[in-house]
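In what follows, every chain begins at residue 1, and chains take the letters A, B, ... in the order their sequences are listed.
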Number of protein chains: 2
Amino acid sequence: MRTLYHPNVHDIQLSTVLYALSDPIRLRIIRNLAECGEQSCSTLDISAPKSTLSHHFKVLRESGVINTRIEGTQRFISIRYTDLEARFPGLLTAILQGLRAEEHSKAKK
Amino acid sequence: MRTLYHPNVHDIQLSTVLYALSDPIRLRIIRNLAECGEQSCSTLDISAPKSTLSHHFKVLRESGVINTRIEGTQRFISIRYTDLEARFPGLLTAILQGLRAEEHSKAKK
DNA sequence: TCATTAATTCGATTATAATCGAACAAACGA
DNA sequence: TCGTTTGTTCGATTATAATCGAATTAATGA
């Protein structure tokens, strides 16, 4: 568990990114990261067993959506915003905006 | 099979749309529709058994990505561009652009 | 009415993914 | 070195989805 795999920017695949972001829990993770910036895995406000969260972090990381930085016993995760923007311009912005739009329409009900 | 279910614009869910578009075959369908406009199911240039394609059309339709218009024994499908743009501005554009970008980087290899 | 065309649905199989407890690993501080 | 913290990996289970042949439906035209 010394190094964690992160795909090269140019190897990030659209279908893989879309798949990674099609899960509600993973979308919550991303929304949280977008709002609060880099987070330790444990400070993310999402209730699920550790092993489940770890699984989702892995899916996000291996798809190229997030970066995991190791610091001591902690891992700090953040969105690979620049890389994603370079590879698929406008995609992440639209998705984050979509998340907010969805939240608003839900609140109105 | 008189009427086919299409979600209302405001009921279109981001995670569902992303999921629908995370499959390579479905992305090909969308790319084809974006390039060629409305198509009959049978004129789409994608080689897979009819029942498999029908399944993918259903996923795309029920997620709100495409519209299916019945005309005689044929069904004409098209992207719900206006609806998607209204619900998630910039999303589809970014995805279509991403598909083209991916194609170019593939060609370079 | 009967064959044809175009596509859906059924049903079975296979593949892939989510979930989560338990065991494990790595870094750190006392 | 030993416990603590933080997170990963394993492994089993369950859930969801993809695939596709065969049967079915629905519209149409001869």
Less than 3.5 Å apart, any donor N or O on the side chain of B:Y81 or B:T93 sitting next to an acceptor on the other? yes
Find out whether B:R26 and B:F57 are in side-chain contact, i.e. whether some heavy atom of one side chain is under 4.5 Å from a heavy atom of the other. no
For B:S51 and for A:K50, locate the closest nucleotide of DNA chain C by heavy-atom distance; then report the residue assigned to the nucleotide nearer the 5' terminus. B:S51
Could you tell me how far apart A:Q74 (CD) and D:dT6 (C1') are, to the nearest whole angstrom? 7 Å
What's the CZ-C1' distance between B:R69 and C:dA6, to the nearest Å? 15 Å
B:R31/B:E103 ion pair, N-O < 4.0 Å: yes
Set out, line by line, the N/O atom pairs under 3.5 Å between protein and nucleotides 28-30 of chain C.
none

Quick one: label A:Y19 by what it contacts on the DNA or RNA (base, sugar-phosphate, nothing), any heavy atom closer than 4.0 Å. sugar-phosphate
Between P of D:dA18 and CG of B:L21, the distance in whole Å: 12 Å
Does anything in residues 24-46 of chain B reach DNA chain C, meaning a heavy atom under 4.0 Å, and if so which residues? B:S40, B:C41, B:S42
Which whole-number value in Å describes the distance from B:L4 CG to C:dA6 C1'? 13 Å
A:H6 side chain to A:T68 main-chain N or O, any donor-acceptor pair under 3.5 Å? yes
Taken to the nearest whole Å, NE2/A:H56 to C1'/D:dT8 is 15 Å
Nearest-Å distance, CG (B:L53) to P (D:dA18)? 13 Å
When you measure from the side chain of B:R87 to the backbone of B:I12, do you find a donor-acceptor pair of N or O atoms at a distance under 3.5 Å? yes
For the pair made of NZ in A:K58 and C1' in D:dG7, what is the distance, rounded to whole Å? 13 Å
Residues which pass side chain to side chain contact (heavy atoms under 4.5 Å, CB included) with A:D45, listed by chain and number, not counting sequence neighbours: A:N32
OP1 or OP2 of C:dT8 sitting under 4.0 Å from any side-chain N/O of B:S54? yes
Taking the side chain of B:F57 as its heavy atoms from C-beta onward, which of D:dG7, D:dT19, C:dT8 lies nearest to it? C:dT8
Separation of D:dT16 P from A:D23 CG (nearest whole Å): 12 Å
Could you grab the distance from atom OG of B:S63 to atom CZ of B:R80, nearest 0.5 Å is fine? 9.0 Å
Determine whether B:P89 and A:Q97 make a side-chain contact, defined as any pair of heavy atoms from C-beta on separated by less than 4.5 Å. yes
I'd like to know if B:R69 and B:E71 make a salt bridge, using a cut-off of under 4.0 Å between side-chain N and carboxylate O. yes
So what does B:H55 hit on the nucleic acid, given a heavy-atom distance under 4.0 Å: a base, only sugar-phosphate, or nothing? base
